[in-house]
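What follows is one structure encoded as C-alpha coordinates, with my remarks underneath.
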Amino acid sequence: SAYFLRHNQTLPSGWFGALNLQRVSDDTYFTDLSTQIAVTSQVQLPNDLTVGRGGTWGRTGSYGLNALVQRWQTLQPDPLQLVTPPYDRLPQLTFTASRPEVLRSDFDFYGQYTTFDHPTLTTGTRVLAYPSLSVPLQTAYAAVTPKLGVNLARYLIDTNSAGFTDQNRTVPVFTTDSSVVFERPTTIGGAPFLQTLEPRLYYVYIPFRDQ
(Lines give C-alpha, C1' and ligand atoms only; values in the text may rest on other atoms or scores of the structure.)
Protein backbone atom coordinates (compact mmCIF):
# COMPACT_ATOMS: atom_id res chain seq x y z
CA SER A 1 0.00 0.00 0.00
CA ALA A 2 1.00 3.63 -0.48
CA TYR A 3 -0.38 7.11 -0.10
CA PHE A 4 0.67 10.40 -1.62
CA LEU A 5 -0.83 13.73 -0.61
CA ARG A 6 0.10 17.21 -1.80
CA HIS A 7 -1.86 20.25 -0.74
CA ASN A 8 -1.36 24.02 -0.97
CA GLN A 9 -3.43 26.38 1.14
CA THR A 10 -3.87 30.14 1.05
CA LEU A 11 -4.48 31.53 4.53
CA PRO A 12 -5.63 34.97 5.74
CA SER A 13 -3.30 37.96 6.26
CA GLY A 14 -0.73 36.82 3.70
CA TRP A 15 -0.06 33.41 5.26
CA PHE A 16 0.17 30.21 3.23
CA GLY A 17 0.70 26.51 3.89
CA ALA A 18 1.81 23.41 2.01
CA LEU A 19 1.65 19.73 2.89
CA ASN A 20 3.57 16.94 1.15
CA LEU A 21 3.15 13.37 2.41
CA GLN A 22 4.60 10.29 0.71
CA ARG A 23 4.57 6.89 2.34
CA VAL A 24 4.72 3.23 1.28
CA SER A 25 4.14 0.07 3.26
CA ASP A 26 7.50 -1.69 2.72
CA ASP A 27 11.00 -1.38 1.28
CA THR A 28 10.24 -3.22 -1.97
CA TYR A 29 6.99 -1.45 -2.84
CA PHE A 30 8.35 0.21 -6.02
CA THR A 31 10.45 -2.73 -7.20
CA ASP A 32 7.49 -5.10 -6.78
CA LEU A 33 4.97 -3.00 -8.69
CA SER A 34 6.93 -1.17 -11.40
CA THR A 35 9.41 -1.89 -14.19
CA GLN A 36 10.43 1.73 -14.83
CA ILE A 37 13.88 2.66 -13.55
CA ALA A 38 12.77 6.15 -12.57
CA VAL A 39 10.19 4.61 -10.25
CA THR A 40 12.11 1.63 -8.88
CA SER A 41 15.11 3.83 -8.00
CA GLN A 42 13.08 5.86 -5.49
CA VAL A 43 14.46 5.28 -2.01
CA GLN A 44 13.81 8.63 -0.29
CA LEU A 45 10.24 9.75 0.31
CA PRO A 46 9.83 13.25 1.80
CA ASN A 47 7.16 14.11 4.33
CA ASP A 48 7.06 17.81 5.07
CA LEU A 49 4.86 20.65 6.24
CA THR A 50 5.51 24.29 5.29
CA VAL A 51 3.95 27.43 6.72
CA GLY A 52 4.98 30.88 5.59
CA ARG A 53 4.08 34.51 5.15
CA GLY A 54 5.13 37.32 2.84
CA GLY A 55 4.59 41.01 3.20
CA THR A 56 5.79 44.53 2.57
CA TRP A 57 8.47 46.38 4.50
CA GLY A 58 7.89 50.10 4.35
CA ARG A 59 6.73 51.51 1.03
CA THR A 60 9.15 49.66 -1.25
CA GLY A 61 10.60 46.75 0.72
CA SER A 62 9.42 43.18 1.18
CA TYR A 63 10.01 40.24 3.49
CA GLY A 64 9.28 36.53 3.64
CA LEU A 65 9.06 34.07 6.51
CA ASN A 66 9.06 30.31 6.01
CA ALA A 67 8.87 27.44 8.51
CA LEU A 68 9.54 23.86 7.38
CA VAL A 69 9.32 20.54 9.21
CA GLN A 70 10.62 17.62 7.14
CA ARG A 71 11.08 13.91 7.73
CA TRP A 72 12.03 11.13 5.31
CA GLN A 73 11.07 7.53 4.76
CA THR A 74 14.17 5.73 3.53
CA LEU A 75 13.62 2.46 1.68
CA GLN A 76 16.14 -0.38 1.79
CA PRO A 77 15.27 -2.53 -1.26
CA ASP A 78 18.74 -4.18 -1.33
CA PRO A 79 20.02 -5.46 2.05
CA LEU A 80 23.55 -5.65 0.61
CA GLN A 81 23.59 -1.94 -0.31
CA LEU A 82 22.11 -0.01 2.56
CA VAL A 83 20.99 3.56 1.92
CA THR A 84 21.95 6.27 4.41
CA PRO A 85 18.88 8.31 5.38
CA PRO A 86 19.10 12.08 4.85
CA TYR A 87 18.88 14.48 7.74
CA ASP A 88 15.47 15.46 9.07
CA ARG A 89 14.92 19.19 9.53
CA LEU A 90 13.05 19.77 12.79
CA PRO A 91 12.47 22.61 12.08
CA GLN A 92 13.98 24.93 9.48
CA LEU A 93 13.12 28.62 9.76
CA THR A 94 14.01 30.96 6.89
CA PHE A 95 13.69 34.74 6.82
CA THR A 96 14.40 36.97 3.82
CA ALA A 97 14.13 40.74 3.54
CA SER A 98 14.81 43.29 0.85
CA ARG A 99 14.58 47.07 0.98
CA PRO A 100 15.92 49.60 -1.51
CA GLU A 101 17.20 53.06 -0.69
CA VAL A 102 18.87 52.25 2.63
CA LEU A 103 21.92 54.50 3.15
CA ARG A 104 21.78 55.24 -0.59
CA SER A 105 21.97 51.53 -1.35
CA ASP A 106 19.78 48.43 -1.56
CA PHE A 107 19.69 46.17 1.49
CA ASP A 108 19.13 42.39 1.31
CA PHE A 109 19.10 39.84 4.10
CA TYR A 110 18.94 36.05 4.17
CA GLY A 111 18.74 34.19 7.47
CA GLN A 112 18.10 30.58 8.37
CA TYR A 113 17.89 28.46 11.51
CA THR A 114 17.90 24.67 11.05
CA THR A 115 17.94 21.81 13.54
CA PHE A 116 19.26 18.62 11.90
CA ASP A 117 18.23 15.26 13.32
CA HIS A 118 19.53 11.81 12.37
CA PRO A 119 19.36 8.38 13.99
CA THR A 120 23.09 7.59 13.57
CA LEU A 121 25.06 10.61 12.29
CA THR A 122 26.24 13.79 13.98
CA THR A 123 23.34 16.08 14.85
CA GLY A 124 23.14 19.76 15.67
CA THR A 125 21.88 23.18 14.70
CA ARG A 126 23.06 25.55 11.97
CA VAL A 127 22.43 29.30 12.00
CA LEU A 128 23.04 31.31 8.82
CA ALA A 129 22.96 35.07 8.23
CA TYR A 130 23.85 36.86 5.01
CA PRO A 131 23.28 40.64 5.02
CA SER A 132 24.40 42.64 1.99
CA LEU A 133 24.35 46.15 0.56
CA SER A 134 24.39 46.93 -3.17
CA VAL A 135 24.63 50.27 -5.02
CA PRO A 136 22.93 50.21 -8.44
CA LEU A 137 24.50 52.81 -10.77
CA GLN A 138 22.74 53.12 -14.12
CA THR A 139 22.71 55.34 -17.18
CA ALA A 140 20.91 55.01 -20.51
CA TYR A 141 23.68 52.82 -21.93
CA ALA A 142 25.52 51.24 -18.94
CA ALA A 143 24.93 49.82 -15.48
CA VAL A 144 27.26 48.88 -12.61
CA THR A 145 26.11 47.31 -9.35
CA PRO A 146 28.79 46.72 -6.70
CA LYS A 147 27.62 44.58 -3.78
CA LEU A 148 29.23 43.81 -0.42
CA GLY A 149 27.97 41.18 1.99
CA VAL A 150 29.05 38.96 4.87
CA ASN A 151 28.22 35.26 5.04
CA LEU A 152 27.98 34.24 8.70
CA ALA A 153 27.40 30.71 9.95
CA ARG A 154 27.43 29.00 13.34
CA TYR A 155 27.27 25.24 13.84
CA LEU A 156 26.09 24.07 17.26
CA ILE A 157 26.92 20.38 17.64
CA ASP A 158 24.91 18.24 20.03
CA THR A 159 26.81 17.13 23.11
CA ASN A 160 26.20 13.44 22.34
CA SER A 161 28.16 13.74 19.06
CA ALA A 162 31.66 12.81 20.18
CA GLY A 163 34.66 14.20 18.33
CA PHE A 164 32.99 17.37 17.04
CA THR A 165 32.85 20.88 18.47
CA ASP A 166 30.94 24.04 17.68
CA GLN A 167 32.23 25.94 14.66
CA ASN A 168 31.91 29.51 13.36
CA ARG A 169 32.44 30.85 9.85
CA THR A 170 32.71 34.46 8.65
CA VAL A 171 33.27 35.05 4.94
CA PRO A 172 33.02 38.45 3.21
CA VAL A 173 31.59 38.41 -0.31
CA PHE A 174 32.17 41.12 -2.91
CA THR A 175 30.52 41.14 -6.34
CA THR A 176 30.24 43.59 -9.22
CA ASP A 177 27.68 43.20 -11.98
CA SER A 178 28.28 45.46 -14.97
CA SER A 179 26.81 45.72 -18.45
CA VAL A 180 26.72 48.08 -21.43
CA VAL A 181 24.23 48.36 -24.28
CA PHE A 182 25.15 49.03 -27.92
CA GLU A 183 22.36 49.67 -30.41
CA ARG A 184 22.24 50.48 -34.11
CA PRO A 185 19.56 50.46 -36.80
CA THR A 186 19.99 47.85 -39.53
CA THR A 187 18.02 46.19 -42.29
CA ILE A 188 17.60 42.50 -43.08
CA GLY A 189 15.89 41.59 -46.33
CA GLY A 190 14.69 45.16 -46.68
CA ALA A 191 12.98 45.14 -43.27
CA PRO A 192 14.24 47.57 -40.62
CA PHE A 193 15.56 46.15 -37.32
CA LEU A 194 17.27 47.45 -34.21
CA GLN A 195 20.45 45.47 -33.56
CA THR A 196 21.42 45.26 -29.89
CA LEU A 197 24.61 44.00 -28.28
CA GLU A 198 24.72 43.76 -24.47
CA PRO A 199 28.03 42.45 -23.10
CA ARG A 200 28.03 41.72 -19.38
CA LEU A 201 30.81 41.22 -16.84
CA TYR A 202 30.14 39.66 -13.43
CA TYR A 203 32.98 39.58 -10.91
CA VAL A 204 32.98 37.70 -7.61
CA TYR A 205 35.62 37.79 -4.88
CA ILE A 206 35.38 35.53 -1.82
CA PRO A 207 38.58 35.14 0.25
CA PHE A 208 39.68 31.65 1.20
CA ARG A 209 38.68 30.28 4.58
CA ASP A 210 39.88 26.94 5.94
CA GLN A 211 36.62 25.11 6.75
Side-chain angles (χ1 to χ4, degrees), residues 5-22 44-72 86-118 121-138 143-158 166-179 198 200-209 211:
L5 173 63
R6 292 182 180 177
H7 176 72
N8 295 311
Q9 181 70 43
T10 300
L11 302 170
S13 303
W15 289 89
F16 63 88
L19 182 65
N20 176 31
L21 301 178
Q22 302 183 36
Q44 310 286 4
L45 301 180
N47 295 267
D48 51 70
L49 171 66
T50 303
V51 177
R53 187 179 192 273
T56 59
W57 180 17
R59 292 181 297 176
T60 57
S62 62
Y63 73 90
L65 177 64
N66 185 287
L68 168 70
V69 175
Q70 183 179 61
R71 289 185 177 273
W72 298 83
Y87 277 92
D88 297 329
R89 292 181 281 183
L90 305 172
Q92 176 175 284
L93 306 176
T94 304
F95 177 76
T96 59
S98 177
R99 186 168 184 176
E101 301 177 358
V102 176
L103 301 176
R104 298 183 179 181
S105 61
D106 294 345
F107 172 76
D108 291 285
F109 178 82
Y110 176 87
Q112 190 177 83
Y113 173 93
T114 310
T115 297
F116 295 98
D117 186 63
H118 199 279
L121 300 180
T122 300
T123 58
T125 299
R126 182 188 64 192
V127 182
L128 299 176
Y130 181 32
S132 63
L133 288 174
S134 58
V135 184
L137 306 173
Q138 188 170 1
V144 178
T145 305
K147 181 177 180 180
L148 180 63
V150 181
N151 193 322
L152 306 169
R154 180 167 175 80
Y155 297 86
L156 304 172
I157 309 301
D158 288 346
D166 296 349
Q167 297 290 333
N168 296 320
R169 181 192 66 197
T170 302
V171 182
V173 180
F174 175 76
T175 65
T176 300
D177 190 2
S178 58
S179 62
E198 300 184 18
R200 180 180 177 185
L201 179 64
Y202 188 75
Y203 172 79
V204 180
Y205 175 71
I206 304 175
F208 174 77
R209 292 292 185 271
Q211 301 181 48

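In terms of heavy atoms, Pro136 sits closest to Asp106 at CG-OD2, 3.2 Å. Among all heavy-atom pairs drawn from Gln22 and Leu45, the shortest one is O-CB, 3.7 Å. In plain terms, the two heavy atoms of Ser98 and Trp57 that are nearest each other are O-CE3, 3.9 Å. Heavy atoms only, all atoms of each residue included: Ser134 and Asp108 are closest at OG-OD2, 4.5 Å.
A salt bridge does not link Lys147 with Asp177: every distance from a Lys NZ or Arg NE/NH1/NH2 to an Asp or Glu carboxylate oxygen is 4.0 Å or more.
Checked by atom type, the side-chain pair Arg71/Asn47 shows no donor-acceptor distance below 3.5 Å. Side-chain contact, Asp158 with Thr123: a donor N or O sits under 3.5 Å from an acceptor N or O.
A side-chain donor-acceptor contact under 3.5 Å links Ser178 to the backbone of Leu201. In this structure, Asn151 contributes its side chain and Pro172 its backbone to no donor-acceptor pair below 3.5 Å. No side-chain donor-acceptor contact under 3.5 Å links Asp48 to the backbone of Leu21.
For Gln44, the CD atom sits in a packed shell: over 12 heavy atoms of surrounding residues, nucleotides or ligands are nearer than 6.0 Å. Remark: Arg200 CZ is loosely packed, at most 12 non-hydrogen atoms of other residues, nucleotides or ligands lying under 6.0 Å away.
Within the structure, every pair that satisfies the ring pair (Phe, Tyr, Trp, His ring centres under 6.0 Å) test and touches residues 97-116, not counting sequence neighbours, is listed here: Tyr87-Phe116.
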| query | Run the side chain to side chain contact (heavy atoms under 4.5 Å, CB included) check on Val135 and Thr145 step by step: do they pass? | reply | CA-CA 5 Å; Val135 184; Thr145 305; over 6 Å; no
| Candidate pair Thr94 and Leu65, rule side chain to side chain contact (heavy atoms under 4.5 Å, CB included), full reasoning | CA-CA 6 Å; Thr94 304; Leu65 177 64; over 6 Å; no
| task | Evaluate the side chain to side chain contact (heavy atoms under 4.5 Å, CB included) criterion for residues Trp15 and Val51: first the C-alpha distance (whole Å), next the side-chain angles of each, then the deciding distance (0.1 Å), finally the verdict. | result | CA-CA 7 Å; Trp15 289 89; Val51 177; 3.9 Å; yes
| task | Show your working on side-chain hydrogen bond (donor to acceptor under 3.5 Å, both in side chains) between Ser179 and Glu198 and close with a plain yes or no. | result | CA-CA 7 Å; Ser179 62; Glu198 300 184 18; over 6 Å; no
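Rounded to the nearest 0.5 angstrom, Leu148 CG and Tyr205 OH are separated by 12.0 Å. Atom OG1 of Thr176 sits about 10.0 Å away from atom CG of Leu137, to the nearest 0.5 Å. Expressed to the nearest 0.5 Å, how far CG of Asp166 lies from CG of Leu156 amounts to 5.0 Å. Residue Asn66 holds its CG atom at 7.5 Å from CD of Gln92, rounded to the nearest 0.5 Å. With rounding to the nearest 0.5 angstrom, the CZ atom of Arg99 is 8.5 Å from the CZ atom of Arg59. Interatomic distance, Asn168 CG to Leu152 CG, rounded to the nearest 0.5 Å: 9.5 Å.
A 4.5 Å side-chain heavy-atom check between Leu128 and Arg169 finds at least one atom pair inside the cut-off. Leu5 has its side chain within reach of Leu19: a pair of non-hydrogen atoms, C-beta onward, lies under 4.5 Å apart. Using a 4.5 Å heavy-atom cutoff, the side chains of Thr175 and Tyr202 are in contact. Residues Val171 and Val150 are not in side-chain contact: their nearest non-hydrogen atoms beyond the backbone lie 4.5 Å or more apart.
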